[in-house]
Amino acid sequence: MTVLKSDYFATHERLTLFINENNIKREDILAITQSSGSFTIFFFGDPAVQEITHGLFS
C-alpha cells in the first residue's frame, strides 16, 4: 500500500539530496512546487518507511 507524502526544503540542493538518498522513483513523484524560495515535494511512498532527512544545520 502506498500513501501520499510530502516534505519541504529551503534549497533545490536539499530537495535533490532527499530524492537521491531515499531512492524516490520518478513515477512516484506527484509534484514539486516552489513558493517563497522553498520547495515542496509530493510523492507516493510506503507508510512504514521513514525517509532520511537532514536537519537545518546539517
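Just the heavy atoms: all of them, side chains too, but no hydrogens, waters or symmetry mates, feed the values below. In what follows, residues are counted from 1 in the order of the sequence shown.
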* Rounded to the nearest 0.5 Å, what separation is found between the CG atom of Asn22 and the CD atom of Gln50? -> 9.0 Å
Show the atom names and distances, to 0.1 Å, of all donor-acceptor pairs under 3.5 Å that link a side chain in residues 34-44 to residues at least two apart or in another chain.
| residue | atom | partner | partner atom | Å |
| --- | --- | --- | --- | --- |
| Ser38 | OG | Ser35 | O | 3.0 |

* Sort and list the pairs that fulfil salt bridge (Lys or Arg N to Asp or Glu O under 4.0 Å) and have at least one residue in residues 36-45, not counting sequence neighbours. => none
* Got a sec, which pairs hit salt bridge (Lys or Arg N to Asp or Glu O under 4.0 Å) with one end in residues 3-12, sequence neighbours left out? -> Lys5-Glu51
* Where at least one partner belongs to residues 28-42, residue pairs that pass salt bridge (Lys or Arg N to Asp or Glu O under 4.0 Å), sequence neighbours excluded -> none
* To do: Sequence neighbours left out, what passes side chain to side chain donor-acceptor pair (under 3.5 Å) with Glu21? Give chain and number order.
  => His54
* Within a strict 4.5 Å, meaning less than it, do heavy atoms of the Leu15 and Thr11 side chains meet? -> no
* Heavy-atom check, side chain of Phe18 versus side chain of Ile24, under 4.5 Å -> yes
* Spacing of Ile19 atom CD1 and Phe9 atom CZ [to the nearest 0.5 Å] -> 7.5 Å
* Each residue besides Val49 in its hydrophobic cluster should be listed here, by chain and number; the cluster joins Ile, Leu, Val, Met, Phe, Trp and Tyr at side-chain heavy-atom distances under 4.5 Å. => none
